[in-house]
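These notes concern the structure reproduced below.
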Amino acid sequence: MTKQVIELSEKSAKLSPVFRRNQAPRYSAAALLWRGVRNDSWPRVWREPQLKKSYDAVVVGGGVHGLATAYYLAANHGITDVAVLDKAYLGSGGSGRNTAIVRSNYLTPEGVAFYDRSLDLYNTMSADLNLNVMFSERGHLTLAHTDSAVRTMRWRAEVNKLQGIDSTVIGPDEISKIAPSLDTSPNTRYPILAALYHPPGGTIRHDAVVWAYARAADAYGVDMHQKTEVQDIVCEGGDGPDGKGPGAKVTGVRTSKGDVSAPVVINCTAGWASLIAAMAGIQLPITTHPLQAAVTEPVKVFLPTVVVSGSLHVYVSQTDRGELVFGASVDPFATYDMRGTLDFTEELAGHVLELMPAVSQMRLQRQWAGLCDITPDYSPVMGFTPVEGFLCDVGWGTYGFKAGPVSGEQMAKCVADGATPDLISPFALSRFNDGVLVGEKGAAAVGH
Amino acid sequence: MAEPEFRSSVTTLAATPAGAPALTDESPLTKVSVRARVGASPLGVDFTRAARRDGVLICGIRPDEWLLLGGEGEVEALLAAAEFDASVNRIDITHSRLCLRLTGVRSASALEKVCSLDFGDMMFPDGATGSASVAKVSSDLVRDDIAGEPSYLLLADRSFGQYLYDAIHDATTEFADSL
Amino acid sequence: MLLVPCPHCGPRNSADMSYQGEASSRPDPSSATPAQWRDYLYMEHNPAGWLKENWYCSSGCRRFFSVERHTVTSEFREPPLPGSKTAEPGAGTDRQGGGS
Amino acid sequence: MIRRLEPQSGEVIDRETPLKFTWNSKKYVGYAGDTIASALLANNQQVFSRSMKYHRPRGVLTADYWDPNTTVQVGTEPNVRGAHRLLEADMKVSAQNAWPSLDLDVKAANGLFGRFLTAGFYYKTFIKPQRLWPLYEKVLARFAPGGVVDLNTPHGYHDKRYAHPDVVVAGGGPAGLAAAISAAKAGMSVMLVEQNHHLGGHLRWGTDQDRETADDLEAAARDAGVEILTDSAVTGRYDDNWIAISQRDHPGVVERLIKARAKTLVVAAGLVERPYVFSGNDLPGVMLSGAVRRLINMYAVRPGNHAVVLTANAEGDAAVADLERVGVEVARVVDARAGETISKATGSSKQLGSVTLADGSTVKADLLVTAAGWTAPTSLLNMSGDRPSYDPAAARFFPTALPDNVIATGGLVGDGSLDELIAHGISSGELAAQRAAAVKHRLRSTVTRAQNPKGPEPPVQQDRRIGLSRAPHPELYRSDTHGMVDFSEDVSSKDLVNAAAEGFDSVELVKRFTTATMGPSQGKLETVNTVAVLAEARGETIEEVGTTVWRPPYAPISLGALAGRVFEPVRVSSLHEWHTANNMTPILAGQWIRPEHYGDPGAEVANVRTNVGIIDVTPLGKLDLRGPDVPKLLNLLYTNKWSKLPIGRVRYGMMCAEDGVVLDDGVTGRLGEDHYLMTTTSSGAGQIWQWVEMWLQTEHPDWEVHVTPVTTGFTSINIAGPKSRELLMRLVDDVDLSAEAFEYMNVRTGTIAGVPDCFMWRIGFTGELSFEVHVPAGFGLHVWEQLIERGADLGVGPFGLEAQRIMRLEKGHFIVGQDTDGLTKAPTTGLRALIKLDKDDFAGKPELEWALGPEAPELPVLVAITPTDPRLVPDEACQILREGTTEIVGRITSSRFSPSLQRSICLGQVTPEFAAAGTMLTVRLCDGSDTTARVMEHHAHFDPEGVRLRG
């Protein structure tokens, strides 16, 4: 069936006028100047289309994953009759709530290859999608405070090097040169013994990534529907109630704005993955926990790199605007409540001051939370499910943003080819039934 | 051969500033844990209550655990006189647990700097016990007033001795007269 | 800071507790198929609504108990039940996911 | 001090106490009671900062905490609110966002290009060539606003406390004070938190009569026993009324975080005056009416000389009166209630010059006062789950639905006379008290230790307060020109309109695209204007557009206060002082501080192998197990069998999680009929205790077993080496330690060096003859010192963790968590014989049964490895490759140079294909070179037959 979709859309493939017809005016400094001189405003960045009765594919979730999937379906495979549905606004979930760190220094060869591809796509995204996503390749330091953490850092570095990733273990002197604000003296409660240094890691403007994919997908004719909540997934022929569950076949979705028929429905949600999957009768190995973040008032830039401490459950970077952006590990108990806690900020501040005592007078100005779908092996669930036409790109825990581009690219390929691409085959849902988990568990425990 | 001498895990004591609650080390007290089935009451003292009998403070610190505190020989004597059924176990934990005592009118205020329990008279009256994190160390607290003056016993794992002593002592200094 | 109703202590700060995850019953190990066992190990209901779950009153009475909590409003349904079965292997302690 | 007025009756400055300070290195004098801003303004300093993007000069706007333009650097402290922070003697104050100086800011050139630097311009530029973006980025980063962090800033003494007040009142204006008083009079403990330095709210800058009322209320609050905190803020309301308060008025600490579990919270945050949007609304000299009134009445500062006042309300009228009273010429009063308005303001770069009215006429002025209305700072209500709704008639948002334990009063809920405000405060305090009493009753009946309450639980009181009316107010947001909406982010109404036209047309998207409301005032001044401009652009109502969510904290809070005093528990054994006095090099292992070595770990190994060494292994987890069902428990937890362990014997066991992954290991000994001692790894001690309790409490509550952690009840010392028996015999009289009477893997109880009730186990990790003694911890140091003293002639010496690690590796003992990882299932360890699948049940059994069955993929194998080059020690975590490829087939998990064998030794995990003894492995070293290594026959490199340890 997915094959059929391809053939249908093959007609409107690469050379089709779709992109040309809807192409947004290109962004550039010259265009900005020109419009500034003429006092022109810019046209809409994406359309506000009417919801059609049917699409070739429906993507649930208008975040980086969903939008990237839609974009690559259109751009790489010519499947343009695609709807992206979001119950709120584009980028309202994890895509707009993460701390925008990207890196590829994972533990397993599968993980490294996957995230490295993502980093590649991020690297050229500004030019590819004609929108500056402000990728800041500022380097990524993962601090080790114990012997066992040093060992894990070395493990990651060695695996990374074999994959051609720039990743090395460095000592306190070198750390101090890269980030002078860190307290590298040996007599602290959590002495900084070493760090995994990953120069290609960095930060990116998360909202810009969302808008870049949305704008580019829109230009190919993909429909984005905001404030359109998926209320049910319609299936037939399954073992469960209403024809859902294993063995079923997807026929469409019911939304707050009407019913849509579609042979392919892709679950690209975070925080609601279990609920969307349950609509198709599929159970997932996921618990949903809030992940909190916070930002300080701005000060002049003094921290040139991303700093992560696994033992202290904290990561920090400084934006170009001068704010320190902090994150930590997920909240200890499962909940869909995103109100945030005081304990998070207390723990965070304590740990940040362990690393950088000089920032005690900086003030926290905002905290927020996003929802993370945690799996038992800190790896996602991607690809086909026991319900035909229902695919998942979920379970992204705390690392979904980093993987957005490659996930979209591979999910699009999965849909278009009707077969699981090699890059995501380790992440199949079936691995939990087969008892063969992904080995990221070790690194993620100290990862970030 | 030198005679063995009991040594507390609190090795360095600090002076109590005038007016501040007094923090003392009572680690040498004999401490015996009496374990029974949940809901049983082998010594007639309920969970979260403490009572003194024959010089021994009997503290219901968990639904299935009673901590007995006393001077040398007192706890043994009380236990020897008690009649327990076979399901009751007693374990001497004198050496496992650190024991500090905080006394003074502002001692509840000092404890509120290191522990999230409500130490108000209504919520934590004399003769009450509670378990909670104190300066991030799991501890058992027993209110055992001395001549009407608020006083709290704090028991925790022995290895935290000096750390806990220092953390609580620091919390008390705010209440010194000079400040 | 959420107050969690402990059947022995009364309401306590969630920080005094250790979360044990969704309640589920352990299949009979002598007859469970691998699929049943892995359902028990890995699969979750994860509802947005009432969830029966387990807590360990780690800083307090050190008892395990079950309680129903609404995962959207954070309300608890009284009363908690002592000593219920747990769901997670490793007592849920390794569920500290990494950050970004 | 040309702007300082003659003494004002309500002034809060102390003219008897002049204070010297510097501003941008120049010397000035203010008075005690001045804020930094009032002192500077009195010294005729009008420009306090440069704006973030366009570097426009900025002066006082609101003259209170939320003033976006008066943020300054004070010494090492960045981002100090200059219009709130009190002046101190010798303060060093400087402007933050100006280069090279406030007067000559070269970045102000940005202002000329303002029309190109529209919101979101970053996204549209610097795209190509992409390699230049990092360069642009560096330049942009120099434009970051805010102060400077001095990397030598001292930590400062911060503090925290918990509190359990019945009622917390946020806001010390008339309504808040009244609520606090009535709640306290009803017998409640009350904390009143006020952000300003003075109580009374707007009464402080009102008439003499207003101030008298404020003084009376303050006195009544103190009489009623209200705990009053000024210069403090309720920064957040979290689950179940967990209230965060940042307290800055406490002696001895910089800032203190109070965590209060309030039974009820009264929110009396008052109102925040809203700027009006028009061209030139950010020129120095444009101020809000409240600013003018505060400057005149509290600080005796003349805000200008020739004023135009735009007024839509009584506060604006009062500002006119204040100005006239102190001799400021009010050139024009523009009454918005009569439909009048202003169009724009113009002037030089640093000073307002004239105001253009809506009719096009122009009035010369150096002061433009706007009283355009109010924003309800509903943060704490939002955090309580409320979604306030907009009332166009009153031109502001009002609360809708609050939980029972949160009560709003004062300007947040309505308007009215002062008497009505106070009356509402009183009834709110009474309601808060009644509801708190109900909560208290419930707590006392559910918290077991509390005094039981008398009588039945009182019902939750219904809200029967007489509401406050809402005064009509014109909707005054933007004039016919575009002006600044977000002063701290330099976002104009034009930016918002453009963003909406581009499709960023929901309030969240426009916020993200333009960064409006994202700066330090976090929406207090600009949220409603943002929404109003967006509504106008979309042709919708303000209610339809809705607002963004206000997130904690209500006011920024320092990281120091959030961290508080540092509570990082550390644990030490009873021997810590001895180690410290004897050249210990410490290592942190979890919370433990342990000796890594005492100078030379190699020599320590040699001493153990030839003489005798002693090591402090106190952190080893120890659980005392008692009861008739202990064997059942052990059978369930360990993979091997425990039913027939005789008294006096110990056995090794391995524990798995339910997924078959190795969880822990250790030995357990049987001390008596129903008495066992289980040991766990040091790092696993806490986790395994909880694991054991979990099984007992939830799966087998009928089993009779009592578990008691006794890890530090004993000082644990391993005495290892060929002379260990001889040494121990000198200290033990009541136990026969001979090889025949006390065999390997046995346990005895006896007296060591006069200390009774010691356990002695014949086990060890080093491979030598060794005794692990567990001594009651209070006597641990005595026994250790006796061992050292009595063994001097035998060459006894201490050894540390490093020597032990070397020796265990020589013996091939694996360490859980180092040689195993989060996916290592039990069979990988090689201890297949210890996995007894014929038991009915044990933790992880079904998964292990499957793993050992025919369908499962082959598991990695733990093997001992010897590098071909004996001098070469591959780092732990080096990868093992298939020769000639980069395919990973294993890794080194442990490695050391063995002093005993004089060659490098390793343990590692490899795929089964490479696990056979004699297999040559390719090891990729950290420097990128490859070396070879051989798989050994046994895990033990040293004494594989175990002759020495059985000696």
Side-chain angles (χ1 to χ4, degrees), chain B residues 1-9 11 27-28 33 35-38 46-49 64-65 86-87 89 91-97 109 111-125 128-130 135-137 143 157-164 167 170-171 173-174 179, chain D residues 159-164 189 250-253 259 261 440 443-444 447-451 453 565 567-574 576-577 591-592 618-619 624 626-628 674-675 701 704 706 708-715 731 753-755 757 776-783 785-786 790:
Chain B
M1 191 192 297
E3 275 303 300
E5 185 197 345
F6 180 90
R7 313 228 346 172
S8 169
S9 60
T11 51
S27 297
S33 162
R35 301 290 302 269
R37 294 194 180 101
V38 174
D46 291 338
F47 171 52
T48 72
R49 300 276 172 233
D64 64 347
E65 183 175 4
S87 67
N89 283 299
I91 302 108
D92 189 318
I93 55 169
T94 301
H95 296 264
S96 300
R97 306 293 275 173
S109 303
L111 284 174
E112 286 190 344
K113 294 180 65 174
V114 288
C115 180
S116 68
L117 292 182
D118 186 344
F119 291 98
D121 287 337
M122 214 96 88
M123 297 305 291
F124 208 126
T129 74
K136 292 193 180 160
V137 174
R143 178 146 173 204
D157 190 284
R158 175 189 163 94
S159 57
F160 293 109
Q162 192 65 46
Y163 161 80
L164 258 185
D170 185 46
T173 54
E174 170 185 341
L179 231 158
Chain D
D159 193 25
K160 276 185 200 177
R161 65 175 269 225
Y162 296 92
H164 304 268
S189 60
H250 191 73
V253 296
K259 296 181 273 182
R261 180 71 79 181
K440 207 146 95 168
L443 272 178
R444 286 174 60 187
V447 175
T448 44
R449 84 179 63 84
Q451 286 178 1
R565 294 188 293 147
F567 292 134
E568 289 289 355
V570 288
R571 311 176 73 175
V572 296
S573 85
S574 303
H576 183 69
E577 279 185 303
Q591 292 182 318
W592 287 95
T618 300
D624 180 288
R626 296 187 199 218
D674 293 335
H675 186 195
E704 288 196 19
H706 284 132
T708 309
V710 293
T711 298
T712 55
F714 296 96
T715 300
L731 275 69
V755 177
D757 304 321
F779 304 117
L781 183 59
H782 167 80
V783 169
E785 285 176 338
Q786 287 295 312
R790 303 282 294 280

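Residue numbers start from 1 in every chain, and the chains themselves are labelled A, B, ... in the order their sequence lines are given, proteins ahead of strands.
For Thr129(B), the part lying under 4.5 angstrom from a heavy atom of chain D is the backbone only. The parts of Val755(D) that come within reach of chain B are both its backbone and its side chain, each placing non-hydrogen atoms under 4.5 angstrom from that chain. Neither the backbone nor the side chain of Glu785(D) comes within contact range of chain B; no heavy atom of the residue lies under 4.5 Å from a heavy atom of that chain. Looking at Thr448(D), the atoms closer than 4.5 Å to chain B (heavy atoms on both sides) sit in the backbone and in the side chain alike. For Arg49(B), the part lying near chain D is the side chain, with the backbone staying farther off; criterion is any non-hydrogen pair under 4.5 Å. Looking at Arg565(D), the atoms closer than 4.5 Å to chain B (heavy atoms on both sides) all sit in the side chain, from C-beta outward.
Interface summary for chain D: among Ser87(B), Ser8(B), Ser33(B), Ser109(B), the most heavy-atom pairs under 4.5 angstrom belong to Ser87(B). By number of non-hydrogen pairs under 4.5 angstrom with chain D, the leading residue of Gly120(B), Ala86(B), Ser9(B), Cys115(B) is Cys115(B). Of the residues considered (Val710(D), Leu781(D), Val783(D), Val572(D)), Val572(D) shows the highest number of contacts with chain B, using heavy-atom pairs under 4.5 Å. The choice from Ile93(B), Ile91(B), Val137(B), Thr94(B) that makes the most heavy-atom pairs within less than 4.5 Å of chain D is Ile91(B).
Inter-residue side-chain proximity for Glu577(D) and Arg7(B) is flagged as met; some heavy-atom pair is nearer than 4.5 Å. For the pair Asp118(B) and Arg261(D), the minimum side-chain heavy-atom distance is 4.5 Å or more.
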Worked verdict on Ser574(D) versus Arg158(B) for side chain to side chain donor-acceptor pair (under 3.5 Å): CA-CA 9 Å; Ser574(D) 303; Arg158(B) 175 189 163 94; 2.9 Å; yes

Audit row: Met123(B), Leu443(D), side-chain contact (heavy atoms from CB on, under 4.5 Å) steps and yes/no: CA-CA 8 Å; Met123(B) 297 305 291; Leu443(D) 272 178; 4.0 Å; yes

side-chain contact (heavy atoms from CB on, under 4.5 Å) evaluation trace for Lys113(B) with Asp159(D): CA-CA 8 Å; Lys113(B) 294 180 65 174; Asp159(D) 193 25; 3.0 Å; yes

side-chain contact (heavy atoms from CB on, under 4.5 Å) assessment of Gln591(D) paired with Phe160(B): CA-CA 9 Å; Gln591(D) 292 182 318; Phe160(B) 293 109; 3.3 Å; yes

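The 12-atom threshold is exceeded at CZ of Arg444(D), counting heavy atoms of other residues, nucleotides or ligands nearer than 6.0 Å.
To the nearest 0.5 Å, atom NE2 of residue His675(D) and atom CG of residue Asn89(B) are 8.5 Å apart. Phe567(D) contributes atom CZ, which lies 7.5 Å from atom CG of Asp170(B) (distance to the nearest 0.5 angstrom). The distance from the CD atom of Glu5(B) to the NE2 atom of His782(D) is 10.0 Å, given to the nearest 0.5 Å. Atom CG in Asp92(B) sits 8.0 Å away from atom CG in Asp757(D) (nearest 0.5 Å). To the nearest 0.5 angstrom, Leu117(B) atom CG is 9.5 Å from Tyr162(D) atom OH. Remark: Arg449(D) CZ to Thr48(B) OG1 distance equals 6.5 Å, nearest 0.5 Å.
Heavy-atom minimum distance, Ser96(B) versus Pro709(D): OG-O, 4.4 Å. Here the closest non-hydrogen pair linking Pro569(D) and Ala135(B) is CG-O, 3.8 Å. Between Ala450(D) and Pro125(B) the shortest heavy-atom distance is CA-CD, 4.3 Å.
In this structure, the side chain of Arg161(D) does not engage the main chain of Val114(B) through any donor-acceptor pair within 3.5 Å.
Aromatic pair Phe779(D)/His95(B): centroids less than 6.0 angstrom apart.
Checked by atom type, the side-chain pair Glu174(B)/His250(D) shows a donor-acceptor distance below 3.5 Å. A side-chain donor-acceptor contact under 3.5 Å links Ser159(B) and Arg571(D).
Arg35(B) has no carboxylate O lying under 4.0 Å from a charged side-chain N of Glu704(D), or vice versa, which leaves the two without a salt bridge.
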